[in-house]
Protein chains: 2
Amino acid sequence: MVLDPVDQEICRLLQENGRMTFADIAQRVGLTAAPVLARVNKLEAAGVIGSYHAVLGREKLGFAMTAFVAVILKSHGTAECRDFVAAIVEVPEVLECHHIAGEEDYLLKVVAQSPKDYERLINDRITNLPQVRRVKTILVLSSAKESTTVPVKVNP
Amino acid sequence: MVLDPVDQEICRLLQENGRMTFADIAQRVGLTAAPVLARVNKLEAAGVIGSYHAVLGREKLGFAMTAFVAVILKSHGTAECRDFVAAIVEVPEVLECHHIAGEEDYLLKVVAQSPKDYERLINDRITNLPQVRRVKTILVLSSAKESTTVPVKVNP
DNA sequence: CGTGAAACTTTCAAGAT
DNA sequence: ATCTTGAAAGTTTCACG
């Protein structure tokens, strides 16, 4: 699918503020609401716009810790990987699960309320899994940027 | 701030669908739109709800690559770190920048359209920075989960 | 918290450029 | 083809009970 500059601007605006009204977007891109709606519907149908989410203030909810967890599996058979992934994606504190190339097999991003909670999470829900050989914690001290906004080029 | 079960459910719903209408939310939590609006305003003011965003389908926009980049700085003075972070957060392809404890100093999440693009990004925008000693790329092969949804406890 | 009312937004069909 | 207009339905937002 080809994005003209108006589509690109709509994507930029909705990445920045996912609750912006079509009337508002229309004004900023120099159209009326109807064609903006049509374009957004088209962008959603094409999968260019995938979903909309509120992002919560984690620390306000008591999540004082973020960490990346590098996981090495015991073996790398298809079934082994499948079962590990199936179990790990069900853990709500695991926000991300990436299969990676490198010394380790998977890189997880996890949140926890406290070191104690983190310990329980790692022990009971991760290290515990029969496929896991070893885990390494990379503790996040602070995050200077944490966004899902990708660049939508203005000059095609 | 204390979240009662209705606040928690509102947070859960808005994490799941950031464009859900207040009328819709109201129906699901068994209220009318007015009190839902009041609660959302309060949650936003308290920073529990931080922001709303559309998440784009990266691959549809040509971002075929995701990688984590572990960075070691030459030194760890306050100014050095500050200047590195200030430069790195301006790079649109760098979606996340975390200060970490471990062998490396920073962990970045970056997206790129191709290996060539990735090379340019790493060379010209990262390795290049005067504070950087060394970078290590951890290539993402696939992501089984990539979310910002944190658990909002149902049982206080 | 609910109601009702005003203002605004969404959404669609028909017609203009 | 894509936009505008205009109108109906739905949503937001407020003051009052």
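Being a predicted model, the structure only gives us computed values, none of them experimental. Labels below follow one simple rule: chain letters A, B, ... track the order of the sequence lines, proteins then strands, and each chain is numbered from 1.
- Across the interface with DNA chain C, nearest-nucleotide mapping of B/Val6 and B/Arg19 shows B/Val6 to be the residue nearer the 5′ end.
- Remark: A/Glu16 pairs with A/Arg12 by the salt bridge (charged side-chain N to carboxylate O under 4.0 Å, His left out) rule, at least two apart or across chains.
- By the side-chain hydrogen bond (donor to acceptor under 3.5 Å, both in side chains) test, A/Thr66 pairs with A/Arg58, sequence neighbours left out.
- Listed by chain and number, the residues in a side-chain hydrogen bond (donor to acceptor under 3.5 Å, both in side chains) with B/Ser51 are B/His53 (sequence neighbours excluded).
- D/dT12 atom C1' lies 14 Å from atom CG of B/Leu14, rounded to whole Å.
- Qualifying salt bridge (charged side-chain N to carboxylate O under 4.0 Å, His left out) partners for B/Arg28, counting only residues two or more places apart in sequence or in other chains: none.
- Counting heavy atoms from C-beta on, the side chains of A/Arg19 and A/Tyr52 never come closer than 4.5 Å.
- Residues passing the side-chain hydrogen bond (donor to acceptor under 3.5 Å, both in side chains) test with B/Asp4 are B/Arg39, sequence neighbours excluded.
- With sequence neighbours excluded, no residue satisfies side-chain hydrogen bond (donor to acceptor under 3.5 Å, both in side chains) with B/Gln27.
- With contacts defined as side-chain heavy-atom distances shorter than 4.5 Å, the pair A/Leu61/B/Leu3 qualifies.
- Across residues 33-42 of chain A, A/Ala33, A/Ala34, A/Leu37 each have a non-hydrogen atom less than 4.0 Å from an atom of DNA chain C (numbered order).
- Put simply, chain B comes within 4.0 Å of DNA chain C, heavy atom to any atom, from C/dC1 to C/dT10, going 5' to 3'.
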How does DNA chain D read in dot-bracket, base by base from 5' to 3', with Watson-Crick or G-U pairs under 3.5 Å and | used when the partner is on another strand? ||||||||||||||||.
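- Put simply, B/Ile138 and B/Val91 are part of two different groups of oily side chains (I, L, V, M, F, W, Y) that touch within less than 4.5 Å, one to the next.
- Between B/Pro115 and B/Met65 the shortest side-chain heavy-atom distance falls below 4.5 Å.
- Contacts of residues 21-32 of chain B with DNA chain C (heavy atom under 4.0 Å): B/Leu31, B/Thr32.
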Side chains of residues 101-112 of chain A: which donor-acceptor partners sit under 3.5 Å, not counting sequence neighbours?
from	atom 1	to	atom 2	distance (Å)
A/Asp105	OD1	A/His76	NE2	3.0
A/Asp105	OD2	A/Leu73	N	2.7
A/Asp105	OD2	A/His76	NE2	2.9
A/Lys109	NZ	A/Glu96	OE2	3.3
A/Lys109	NZ	A/Glu146	OE2	2.7
A/Lys109	NZ	B/Glu96	OE1	2.9
A/Lys109	NZ	B/Glu96	OE2	3.2

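- The same ILVMFWY cluster, assembled from side-chain heavy atoms under 4.5 Å apart, contains both B/Ile88 and B/Leu121.
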Donor-acceptor list for residues 129-136 of chain A side chains, cut-off 3.5 Å, not counting sequence neighbours:
from	atom 1	to	atom 2	distance (Å)
A/Arg133	NH2	A/Lys74	O	2.7

